[in-house]
Novice: 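Input: one structure, supplied below.
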Amino acid sequence: MRLEQLDIHDVRSIRETRLEPGPSLNLLLGGNGAGKTSVLEALHLLAYGRSFRGRVRDGLIRTGAPALQIFARWSEQEGVRRHQVGLRHAGSEWQGRLDGGDVAQLSELCTALAAVTFEPGSHALLSGGGEPRRRLLDWGLFHVEPEFLPVWRRHARALKQRNALLKAGGANAALDAWDSELASAGEALDRYRRAYVEALEAKIERWASELIPELGSAQHTYLAGWRREELSLADALLVNRERDRQLGHTSAGPHRADLLLGFAARPARESLSRGQSKLAALALLLAQAEDFRARRGEWPLILLDDLASELDRGHRQALLTALVTSGAQVFITGTELDALELEPAWLATMFHVEHGVIRPA
Ligand SMILES: Nc1ncnc2c1ncn2[C@@H]1O[C@H](COP(=O)(O)OP(=O)(O)OP(=O)(O)O)[C@@H](O)[C@H]1O
Ligand SMILES: [Mg+2]
């Protein structure tokens with residue numbers, strides 16, 4: 001995907017600005033508080049329907065403005081296909097447009113535009129709880145498996161209903177019905193995720209060996225969220241039912257799935273440093289971006305917030321070299337150009353961001 005135009009209105013401190021990026025490396029440079037992260041956040045919002053910095057009502061809309069508006073135009077397959085999306089978000093309600101028509105669901109916008117984002121909070125992908133890793137797997141599946149979203153929705157609905165029944169002390173007959181639906185959707189969800197993790201395996205290893213060779217080869221384990229080798233999800237739900245009634249929620253199932261990433265040189269699951277966690281997170285994100293490209297024939301946009309302050313020189317150069325040769329369109333924010341130490345051959349397009357306005361530099 002090649003972003004050609006991004007218009008941003010009333011996102012954080014940005015009142016109104018436009019970005020017309022170059023085809024490869026795009027650098028957004030400016031001082032602290034200039035609005036650089038907000039530009040990536042606007043793009044991320046179009047691609048995910050959510051911000052990576054909290055909820056919309058936590059200040060995503062510029063103070064005093066009634067709503068934010070974002071518009072993006074991009075091309076695919078060397079310009080053969082063109083798309084455009086627009087989003088207006090007023091805090092509680094939103095309106096979306098895709099290629100000139102209204103959209104009924106935010107997910108339609110998110111299907112159209114794909115981006116992977118690496119930001120200062122991305123270390124949580126490796127060092128925190130399982131939710132961001134489940135989200136990562138589901139994001140990938142959402143884009144590469146057209147049948148995945150209905151299954152995901154069925155599972156989410158059944159889980160919600162079962163939890164509500166557990167909390168309310170519902171009758172066993174009512175629970176039986178939701179258990180059966182949850183088991184059927186949950187087993188399907190698990191099959192998708194396992195197949196996806198298998199497809200990512202070699203790519204994760206390759207990116208990890210490129211970005212963090214000092215940790216040795218990457219090994220991952222996918223956990224289904226229940227003791228899948230021993231019993232079906234339907235049986236697990238039944239076995240846990242009394243305990244779940246006491247807890248007031250479902251204790252085991254695909255909503256507790258996880259993807260554990262380990263490294264040969266860290267056999268005892270010793271915790272990684274913050275920088276190492278970030279590099280491992282990058283390996284995961286880029287493996288996913290590469291899988292997207294293999295299946296869809298396009299790279300997603302790659303958004304890297306505050307790269308220089310996150311990675312040391314050697315790791316940053318390894319990453320940038322790999323990205324420049326990949327052919328992906330990349331957006332990098334930073335406070336100083338010198339800190340990025342770009343190679344002259346890389347042909348980066350530079351922008352200066354100041355007081356929420358983007359200017360070509
Ligand atoms: N709702 C809002 N309305 C107006 N301004 C806001 C709002 N939310 C945040 N801001 C301001 O937007 C500015 C831009 O923030 P942003 O995080 O994009 O800057 P940045 O260029 O990434 O800075 P840094 O280099 O420190 O990461 C900040 O000064 C922030 O205080
Ligand atoms: Mg920032």
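Read the numbers this way: they start at 1 and go in the same order the structure lists the ligands and their atoms.
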Novice: Decide whether an N or O pair under 3.5 Å exists between Ser13 and ligand 1.
Specialist: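 By distance alone, the answer is yes.
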
Novice: Run the salt-bridge test on Arg245 and Glu242 with the 4.0 Å N-O cut-off and return the result as yes or no.
Specialist: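 So Arg245 pairs with Glu242 through a salt bridge.
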
Novice: Quick one: are the ring centres of Trp152 and Tyr192 less than 6.0 Å apart?
Specialist: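 Judged by ring-centre distance (under 6.0 Å), Trp152 and Tyr192 do not meet the cut-off.
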
Novice: For Thr335, is at least one N or O under 3.5 Å away from an N or O on ligand 1?
Specialist: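 The answer is no, given that Thr335 and ligand 1 share no N or O pair closer than 3.5 Å.
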
Novice: Are Glu181 and Arg157 close enough for a salt bridge, meaning some N to O gap below 4.0 Å?
Specialist: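 No, this pair does not count.
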
Novice: Tell me the protein heavy atom at minimum distance from atom 4 (C) of ligand 1, and give that distance in Å.
Specialist: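 Checked against all protein heavy atoms, atom 4 (C) of ligand 1 sits closest to Arg12 O, 3.4 Å.
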
Novice: Between Arg53 and ligand 1, which residue portion shows a heavy-atom distance shorter than 4.0 Å: side chain, backbone, both, or neither?
Specialist: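 Answer for Arg53: side chain.
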
Novice: Under 4.0 Å, heavy-atom basis, I'd like to know which part of Val39 is in contact with ligand 1: side chain, backbone, both or neither.
Specialist: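 For Val39, no heavy atom sits under 4.0 Å from ligand 1.
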
Novice: Does ligand 1 have any atom sitting under 4.0 Å from a heavy atom of Ala65?
Specialist: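 Flag not set, Ala65 not near ligand 1.
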
Novice: Salt bridge check: are Asp10 and Arg88 linked by an N-O gap of less than 4.0 Å?
Specialist: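 Answer for the salt bridge query: no.
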
Novice: Got the closest protein heavy atom to atom 26 (O) of ligand 1, with its distance?
Specialist: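 Of the protein heavy atoms, Asn32 ND2, 3.2 Å lies nearest.
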
Novice: Contact between ligand 1 and Ile61 is defined here as a heavy atom of the residue under 4.0 Å from a ligand atom; is it met?
Specialist: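 Flag set, Ile61 near ligand 1.
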
Novice: Strictly under 2.8 Å, is the Mg ion (ligand 2) approached by any N, O or S atom of Thr37?
Specialist: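 Here the distance criterion (N, O or S atom, under 2.8 Å) is met by Thr37, so yes.
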
Novice: Could you check whether Arg296 pairs with Glu76 (Lys NZ or Arg NE/NH1/NH2 to Asp/Glu carboxylate O, under 4.0 Å)?
Specialist: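 Salt bridge absent between Arg296 and Glu76.
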
Novice: Do the non-hydrogen side-chain atoms of Gln329 and Met1 ever get within less than 4.5 Å of each other?
Specialist: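 Heavy-atom side-chain distance check fails, nothing below 4.5 Å.
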
Novice: For His315 and Glu214, which I'm curious about, is there any donor-acceptor pair between the side chains at under 3.5 Å?
Specialist: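 Yes - a donor-acceptor pair under 3.5 Å links their side chains.
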
Novice: Do you see a protein non-hydrogen atom under 4.0 Å from atom 31 (O) of ligand 1?
Specialist: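 So atom 31 (O) of ligand 1 lacks protein heavy-atom neighbours under 4.0 Å.
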
Novice: Can you list the atoms of ligand 1 that are under 4.0 Å from a heavy atom of Gly31?
Specialist: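 Reading through ligand 1 atom by atom, the close ones are 21 (O), 25 (O).
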
Novice: Is there a polar contact, in the sense of an N or O pair closer than 3.5 Å, between Gly33 and ligand 1?
Specialist: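 Indeed, backbone or side chain, Gly33 has an N or O that close.
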
Novice: Distance to 0.1 Å, residue and atom name: give those for the protein heavy atom nearest to atom 22 (O) of ligand 1.
Specialist: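 It is Thr37 OG1, 2.7 Å.
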
Novice: Among all protein heavy atoms in this structure, tell me which lies nearest to atom 19 (O) of ligand 1, with the distance rounded to 0.1 Å.
Specialist: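 Among all protein heavy atoms, the one nearest atom 19 (O) of ligand 1 is Gly35 N, 3.3 Å.
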
Novice: For Arg193, is there an ion pair with Asp138 - N to carboxylate O distance below 4.0 angstrom?
Specialist: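 Salt bridge flag = yes for Arg193 with Asp138.
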
Novice: Is it true that Thr333 and Asp305 share a donor-acceptor pair across their side chains at a distance under 3.5 Å?
Specialist: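 Checked: Asp305/Thr333 side chains pair up, N/O donor to acceptor below 3.5 Å.
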
Novice: Which protein non-hydrogen atom lies closest to atom 8 (N) of ligand 1, naming both residue and atom, and how far is it?
Specialist: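 Of the protein heavy atoms, Gly59 O, 3.5 Å lies nearest.
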
Novice: I'd like to know if Asp102 and Arg97 make a salt bridge, using a cut-off of under 4.0 Å between side-chain N and carboxylate O.
Specialist: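 The answer is yes: the pair qualifies as a salt bridge.
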
Novice: State plainly whether one hydrophobic cluster holds both Phe148 and Leu233, where clusters connect Ile, Leu, Val, Met, Phe, Trp and Tyr through side-chain heavy atoms under 4.5 angstrom apart.
Specialist: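 As far as the 4.5 Å side-chain criterion goes, Leu233 and Phe148 are not connected within one cluster.
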
Novice: Do me a favour and list the nearest non-hydrogen protein atom to atom 16 (P) of ligand 1 with residue, atom name and distance?
Specialist: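 Checked against all protein heavy atoms, atom 16 (P) of ligand 1 sits closest to Ser38 OG, 3.6 Å.
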
Novice: Got the closest protein heavy atom to atom 25 (O) of ligand 1, with its distance?
Specialist: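 Sorting protein heavy atoms by distance from atom 25 (O) of ligand 1 puts Lys36 NZ, 2.7 Å first.
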
Novice: Nearest to atom 2 (C) of ligand 1, what protein heavy atom do you find, and at what distance?
Specialist: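 For atom 2 (C) of ligand 1, the nearest protein heavy atom is Thr63 OG1, 3.4 Å.
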
Novice: If we count only N and O atoms by modelled type, under 3.5 Å, do the side chains of Glu4 and Ser75 hold a donor and an acceptor together?
Specialist: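 Glu4 vs Ser75: donor-acceptor pair found between side chains.
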
Novice: Return a yes/no value for Arg62: is any of its N or O atoms, backbone included, closer than 3.5 angstrom to an N or O of ligand 1?
Specialist: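 N/O-N/O distance under 3.5 Å: no.
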
